[in-house]
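Everything below concerns the one structure shown next.
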Amino acid sequence: MGNTTGKASSGNPKDLRVVVIGDSSTGKSSLIVSAITQTFSTNAPPLLPPTLFHAHLFPDPVPLILVDTSSRLENERRRDQKLRKADGVVITYSCDRLQTLDRLTSFWLPTLRQLKLNVPVVVVGCKSDGGAETKEKRKQVLVEVTQQFEEIESCIECSAANPFEVLEVIYCVQRAVLYPQGPMYYPKTQTLKPRCEKALKWIFKLCDHDRDGSLNDEELSAFLAKCLPTDIEILKQEVKEKIPEGFNDCGLTLRGFLSLHEHLGCPGTWTVLRRFGYDSHFRLRDNILPASFERSPDQSVELTNEAIEFLKQTFFQFDQDNDGALGPAELEDLFSRTPESPWSEARYKDAVETTESGGLLLDGFLSQWTLMTLLEPAKSLANLFYIGYEGDSASAFHITRRRLLDRKKQQSERNVFQCFVFGPNLAGKSTILNSLLRRSFSESYTSNKDEQFAVNVVDQIEGTKKTLVLREIPVDEVSNLLSSKESLASCDVAIFVHDCSSILSCTRATELLVAVASHGKDSGFEVPCLIVATKSDRGPNPLVIKHSTRVSQDMGLEAPITVGMKLGELSDVFYRIIRAAERPHLGIPESEENRNTKQYRHLVNHSLIFLSAGAAVSIAALVAYRVYVARKNTSS
């Protein structure tokens with residue numbers, strides 16, 4: 001709903017905001033004035049402020065706010081702004097002007113769909129005392145309209161001169177928005193829609209404490225006490241009469257539970273859903289899930305061993321063909337209980353190792369959950385709940401120690417390390433990501449304008465396993481990234497990639513290294529850095545090797561790591577990345593005080609030699625590097 005804050009203990013919204021739209025002179029303002037004053041006025045203002053109907057006026061005590069709108073073309077933008085904040089919409093037509101009824105399908109309902117509003121709609125015919133001769137025609141049109149537009153919850157007519165009819169409209173609007181039928185049932189068959197059924201299946205599983213596939217008397221009584229104050233014996237008798245297979249020797253079956261809700265109607269089923277934390281879009285409400293996991297910028301969120309064990313059990317449970325991988329159909333089955341696949345976004349789609357048929361091995365499955373927990377812990381927790389995890393956030397997630405403290409302790413205890421991958425275009429950044437995912441080398445090149453992720457488990461020499469997350473930063477996005485003070489806070493280690501056969505590539509990578517090092521120093525979020533020279537199969541340029549080696553020496557970094565992805569020469573690059581992250585006090589681009597003057601002199605001499613060789617390189621790297629070293633002189 002548009003307004004989801006301040007939920008009551010029942011799970012109902014704090015209030016309902018309903019926007020009233022329709023053609024000019026169809027009675028929008030008169031309807032609201034008549035409802036609030038209980039008198040008919042021929043001089044209603046052309047546009048009313050939002051009007052509150054207090055909770056005590058309704059059987060279900062939830063306040064209703066009616067928001068009037070102008071039909072004038074110049075006010076269209078303002079009207080649409082109001083609609084986007086709405087929990088529901090009322091569309092008015094005038095019973096004595098059939099052309100306003102035709103405008104429902106020619107303009108108003110298509111407009112709501114164009115705005116992609118997913119809220120209940122109530123159609124209200126005003127001035128019913130003046131349209132007696134067209135009553136049957138209007139009925140016929142409305143039947144066709146409701147069949148065409150399933151978002152319409154109800155159609156009702158009234159006259160503002162009759163206060164009882166107007167109040168009936170207000171009650172109808174409140175109930176239709178509070179307990180909408182459209183998202184829940186198919187109108188023709190009155191059977192549950194998939195999203196609603198998924199939510200109810202999840203609730204059934206939560207209530208089935210002994211996991212025998214049925215709700216025994218104790219489990220069913222607890223469910224009724226929470227949601228529906230109904231006598232258990234009466235309920236059991238009704239279910240058995242309507243659905244014989246609804247009960248077995250152990251209790252109420254899932255089939256019986258779902259059929260029960262098909263007969264309960266909207267108010268009863270919405271009550272159940274809201275008691276268990278669902279909103280009107282069948283997602284867990286924000287007050288059920290932590291809006292954010294409170295932590296410092298340089299802390300991250302990881303799965304606990306308990307959550308990992310649950311995910312492992314889930315993996316094997318849904319690996320129905322026992323081939324050691326979850327194929328597309330098995331993943332679809334797993335996430336059939338969730339509102340949507342949690343990995344449909346671009347950042348997750350191509351981020352882990354897959355089988356040739358697109359399936360996920362166990363490491364790939366766990367890597368997806370690791371990435372989602374790192375980037376969106378609230379989303380990860382919600383989906384853990386959806387697939388049956390019964391613990392709380394404290395048992396599922398672990399918030400790591402601050403990176404600043406890791407540096408002081410001179411070691412990191414993390415199991416998941418995030419590495420930012422910087423480098424110019426054509427340097428081989430994406431190839432490194434693909435290598436982590438064990439994908440075949442490809443000569444084709446595609447420039448990535450958006451961040452890319454790659455996640456996999458990396459075996460350590462001592463026999464342990466760590467998860468490495470590579471995050472490729474497009475070169476055009478580096479300045480945007482570094483515009484935020486905390487942009488490096490989530491980074492455990494940064495690598496700077498260049499083509500070892502290209503002077504220009506090496507120089508641009510040096511510029512990026514200096515920019516990141518300077519930002520880390522200014523922000524207080526300094527990170528270990530590594531230089532990676534790619535494409536060794538092309539034949540390294542001696543000048544490039546000499547330059548990158550000197551840069552690493554002058555900045556106190558490990559010697560450049562040379563790799564050739566085409567030939568599979570990885571030089572243990574992923575192990576070395578994790579090793580650098582595990583020792584966060586080392587590899588920081590910062591020289592000792594007594595080396596600063598010597599460093600600066602070496603850099604000048606080396607850069608002159610590098611430039612005199614005729615290389616077409618940017619002077620920016622040299623200037624930036626001089627500024628960086630000079631600033632360190634000043635700070636020390």
Side-chain angles (χ1 to χ4, degrees), residues 351-353 361-364 366-367 370-371 406 410-423 427-442 452-473 491-501 505-506 509 512-513 516 527-541 544-546 548-553 555-589:
V352 300
E353 182 180 4
L361 299 172
L362 178 60
D363 280 351
L366 295 177
S367 293
T370 296
L371 180 62
D406 283 345
Q410 298 188 1
Q411 64 176 0
S412 175
E413 299 175 343
R414 299 173 186 231
N415 295 307
V416 180
F417 295 104
Q418 182 170 196
C419 171
F420 286 14
V421 182
F422 296 95
K429 300 188 299 294
S430 298
T431 304
I432 291 178
L433 269 69
N434 287 331
S435 295
L436 178 64
L437 304 180
R438 300 184 179 91
R439 292 177 183 160
S440 301
F441 176 82
S442 174
Q452 304 291 320
F453 288 88
V455 194
N456 213 339
V457 176
V458 178
D459 294 325
Q460 302 298 286
I461 293 176
E462 58 273 18
T464 60
K465 293 178 180 289
K466 300 291 183 180
T467 300
L468 178 61
V469 178
L470 296 182
R471 175 183 173 186
E472 179 183 344
I473 311 295
C491 178
D492 293 292
V493 58
I495 64 172
F496 298 84
V497 183
H498 68 269
D499 177 351
C500 68
S501 67
S505 178
C506 180
L512 294 170
L513 171 58
V516 171
V527 296
C529 296
L530 295 171
I531 298 173
V532 178
T534 63
K535 307 182 183 181
S536 62
D537 53 287
R538 292 188 176 183
N541 186 319
V544 172
I545 295 174
K546 188 174 182 180
S548 61
T549 301
R550 178 53 58 89
V551 169
S552 66
Q553 291 173 347
M555 299 188 79
L557 304 180
E558 183 180 329
I561 304 170
T562 302
V563 298
M565 300 302 181
K566 184 176 182 179
L567 301 177
E569 297 171 351
L570 301 182
S571 302
D572 292 325
V573 61
F574 303 125
Y575 166 74
R576 293 167 74 172
I577 290 172
I578 288 179
R579 186 181 65 177
E582 287 180 319
R583 302 183 297 174
H585 60 297
L586 302 177
I588 305 296

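With contacts defined as side-chain heavy-atom distances shorter than 4.5 Å, the pair Cys500/Thr534 does not qualify. Within the 4.5 Å cutoff, the side chain of Ile432 has no heavy atoms near those of the Val573 side chain. Between His498 and Ile531 there is a side-chain heavy-atom pair separated by less than 4.5 Å. Two residues are said to be in side-chain contact when any heavy atoms from C-beta on lie closer than 4.5 Å; Ile495 and Phe420 fail this criterion. Here the side chains of Phe574 and Cys419 are not in contact, with every heavy-atom distance at 4.5 Å or above. Within the 4.5 Å cutoff, side-chain heavy atoms of Gln460 are placed close to those of Glu582.
The CD1 atom of Ile561 sits 4.5 Å away from the CG atom of Leu530 when rounded to the nearest 0.5 Å. Annotation: the span from Leu586 atom CG to Arg579 atom CZ amounts to 9.5 Å, rounded to 0.5 Å. Atom-to-atom distance recorded for Asp492:CG and Arg471:CZ is 12.0 Å, nearest 0.5 angstrom. For the atom pair OG1 (Thr370) and CG (Asn456), the distance works out to 10.5 Å, reported to the nearest 0.5 Å. To the nearest 0.5 Å, the span separating CG on Leu433 from CZ on Arg439 amounts to 9.0 Å. A distance of 8.5 Å separates CG in Leu371 from CD in Gln418, rounded to the nearest 0.5 Å.
Side-chain N or O atoms of Thr467 include none that pairs as donor or acceptor with a backbone N or O of Val416 at under 3.5 Å. Without hydrogens or angle criteria, Ser552 side chain to Thr549 main chain gives a donor-acceptor distance under 3.5 Å. One N or O on the side chain of Lys429 and one on the backbone of Gly423 form a donor-acceptor pair closer than 3.5 Å.
Pairs engaging residues 557-574 under the side-chain hydrogen bond (donor to acceptor under 3.5 Å, both in side chains) rule: Glu443-Lys566, Ser536-Glu569, Glu558-Arg576 [sequence neighbours left out].
Remark: Cys529 engages Ala494, Phe496, Leu513, Val527, Leu557, Pro589 in a side chain to side chain contact (heavy atoms under 4.5 Å, CB included) (not counting sequence neighbours). Remark: Glu353 engages Arg438 in a salt bridge (Lys or Arg N to Asp or Glu O under 4.0 Å) (not counting sequence neighbours).
Here Lys466 does not pair with Asp459 in a salt bridge; the nearest charged N to carboxylate O distance is not below 4.0 Å. Comment: Lys465 does not engage Asp363 in a salt bridge, judged by the lack of any side-chain N to carboxylate O separation of less than 4.0 angstrom.
Pro584 and Ile588 get closest at one heavy-atom pair: O-CD1, 3.6 Å.
The closest side-chain donor-acceptor pair between Ser430 and Gln452, if any, does not fall under 3.5 angstrom.
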